[in-house]
Structure formats: structure tokens, C-alpha cells
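Read through the structure below, which is laid out as C-alpha cells, and then see the notes.
Just so you know, ligand 1 is whichever comes first in the structure, and atom 1 is the first atom listed for that ligand. Each residue takes its place number in the sequence, starting with 1.
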Amino acid sequence: MNNIEKIKNKILKGERLLKKDGIFLLKSNDLLSMGRLADAENQKRSKNKVFFNINCHVNITNICVAKCSFCAFSCDKGDSRAYEMSLEDIINKIRSSLNAGITEVHIVSGLHPDKPFDFYLKVIKEINCEFPSIHIKAFTPVEIKYFSNISGLSIKDVLVRLKDAGLGSMPGGGAEVLSRRVRKEVCPEKATADDWLDIMETAHLLGLKSNATLLYGHIETEEEIINHLLSLRDLQDKTGGFQTFIPLPFHPDNTGIDQVNKPTAFEQLRIFALSRLMLDNFEHIKAYWVMTGLKNAQLAIHFGADDIDGTVVDEKITHAAGADTAEGLTVGKLTSLIKSAGKIPVQRDTLYNIIKTY
Ligand code: SF4
């Protein structure tokens, strides 16, 4: 029996995959076998459904005090690219997306040197007051840690205040690779791997659901990718607070790590299948088409992904790193993409309640 068959038998017996299984899969070129196994896992969970939501992205500012070498989005105050949105800009932007039928606003931003935590609280309160039916998914653990630093409040107090103001859940960004070595090299000035996991745990215990990401294809090793997945799986065992896992292929253009190549389609699909097989306690795996490209996102739904994010009106962060995808997608285009891959498009809200099956 070869190794992929051994892994298949383990999965059939309901046994959890180990680190060595993950390393084997990450090195495997038997992509089609991995895809079949991953798709079978999805059949157990979502059947043929592929979820999407209608959302808009708000990136309040690109001014950031951290200097992550993989980031093409951030800049210093005074830079010709620098921008910051006022509260009024934010409200107007969301209002202009209402016609598209958004049910969610997704907010992530740079770590601004001057804005106090109260500004961000006000943003959440105001959005909640103006658009009470829209779910606010905002602030990665990196931002939460920064708010704690600038306000002097504990992580828990920051989260409680944001939740009281109307925060509904958290995105999964800022995880990059949960490895001390990698973070020391590529993002030494922001929340550590332990911070990221602790903040997610605190958020989950407060009843805030979140997502989780992996940014791969830069300086990480295979072992570091698997350790990242195992850390997420362990925390999910503890809290059950993660909704979906989103593997993000690194876009090198305009970053400080531009000597590497963007992960190929083969590598991207292998990571999708690997994630679906290792993260047995995650309900969903999402293809973020802005970073994978639309074609790979469509293929990914046969390799372990059961969610394509989303209509994403006006994305800024990945486009700063040279993404050649559109900055938004219509529902018609998204649903026909899913249907033409033989799956059933299902519009969901942020918490995976079904809104409409197409
Ligand atoms: S990744 Fe986030 S924290 Fe790092 S430089 Fe970019 S905006 Fe700032």
C-alpha cells in the first residue's frame, strides 16, 4: 500500500492525520488523489454546496507603523500613496454598496500612528447604528493587539468594547505563518504567533467567531506550514470558534520579498487539499479569489474549498501587491463560475446561515 492509500485508509477510519502525514501530502505530486480525498471530505460537510457572501471591503488606511516585508499595501504617513478614510468616508462607502445587497462589511487596515482606539470604536458604533442589519467583521488579532498597546486596555477589554459597539466577528488575517522564525524575519514589529493564537482564543471565548488564514509561498518551510495548521487545529479543538480557513498564496510584486515566484496553480490546489485533510475540525475552507485568481478559485472547489469569497467590492490590499484580478465580482459572475464547475452556489451570511440557493 502506498502512502496516499495509507492516508486514505486513516481518513476512512476517522483517524486524525499526523504531522508526518501533512509533510508527505505537502511534498506529494499526486494532486488528483489528494483532490479526490479532499472533495470527499467536503461531500461529508457541504455536499455539493459552495458558499459565497455579498460583502464590501473597507480598508480604512494604508498608513502603518509596522514594516512587514511581504506587504505592498502599507506606507508611511506623508507618502504619496498614503490615504486615510474619515468616519464619513466609511459610512458613504458602505452606503454606496447597499444596492449590491451586501450583508457584511469586512474591515482591515494598517496600524495608524495617531488614531486612538476610540476612533475605531466609533467606526463600529456608527456602522452598527446606520446599518443595523449588516454584519461587521473587523480587525485582525494584529490590529487588536495594537489597539491594546495604544489604549492601555487589556486584550479582553478591547474585544469586549468592540463587541458591545457592534463587532460581529473577526477576519482571519495577520496569521501569516505562525512561526517565531518566519515572523522575526518578515513581520518583527507586529503581534507574535502566540499573540495571534491567544487573541483568537479570547475572542472565541467571548462568543466572537473568526476565520483563520495562512500566507504561504515566501520564506516558510514545509514543516512551518504543517505546524501552522496543527496550531490552528489545536485551538479549534479547544474553542470551536473558527468558521473557515483561508490559504493565501503570496503575491511578491512591490514587496520586500520580490525574489520569489507566486505559487503555481498546482501548489495552490495542493495547499487547498492539504488544508481540507489536515483541518478535520474546520467546517469550511475558503478560496479567496482576489489572491488565488478566479480560475484557481473555481478549480479549488474540487480540491477542498467549499466557499468562494465573495463579491468583495473594492479590495485594496492584494491589488497593491500586483493582483491582476478585478476589485469586485457580481453575483451573476460568481454563481455562474460555481455552477459551471458542477457545484451549487449558496449565498450565506457571515455566520453561514443560508440566504439563497441558486
Ligand atoms: S501586513 Fe498589516 S501590519 Fe504589516 S505592514 Fe502591512 S498593513 Fe501593516
Apply the hydrophobic cluster definition, ILVMFWY joined by side-chain contacts under 4.5 Å directly or through others, and give me every member besides Leu205.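 None; Leu205 is a cluster of one.
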Check the surroundings of atom NZ in Lys115: do more than 12 heavy atoms from other residues, nucleotides or ligands lie under 6.0 Å from it?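 It does: Lys115 NZ has more than 12 such atoms within range.
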Membership question, hydrophobic clusters at under 4.5 Å side-chain separation (ILVMFWY): are Phe139 and Val160 in the same one? yes
Identify whether NZ of Lys or CZ of Arg in Lys356 sits under 6.0 Å from the centre of the six-membered ring of Tyr358 and within 45° of that ring's axis.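 The answer is yes, since Lys356 meets both limits relative to Tyr358.
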Partner of Glu224 under salt bridge (Lys or Arg N to Asp or Glu O under 4.0 Å), chosen from Arg181, Lys19, Arg180: Arg181
Does one side chain, of Gln243 or His284, offer a donor that lies under 3.5 Å from an acceptor on the other?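 Result is no, nothing qualifies.
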Report the protein N/O/S neighbours of atom 8 (Fe) of ligand 1 that fall below 2.8 Å; do not count waters. Cys64 SG
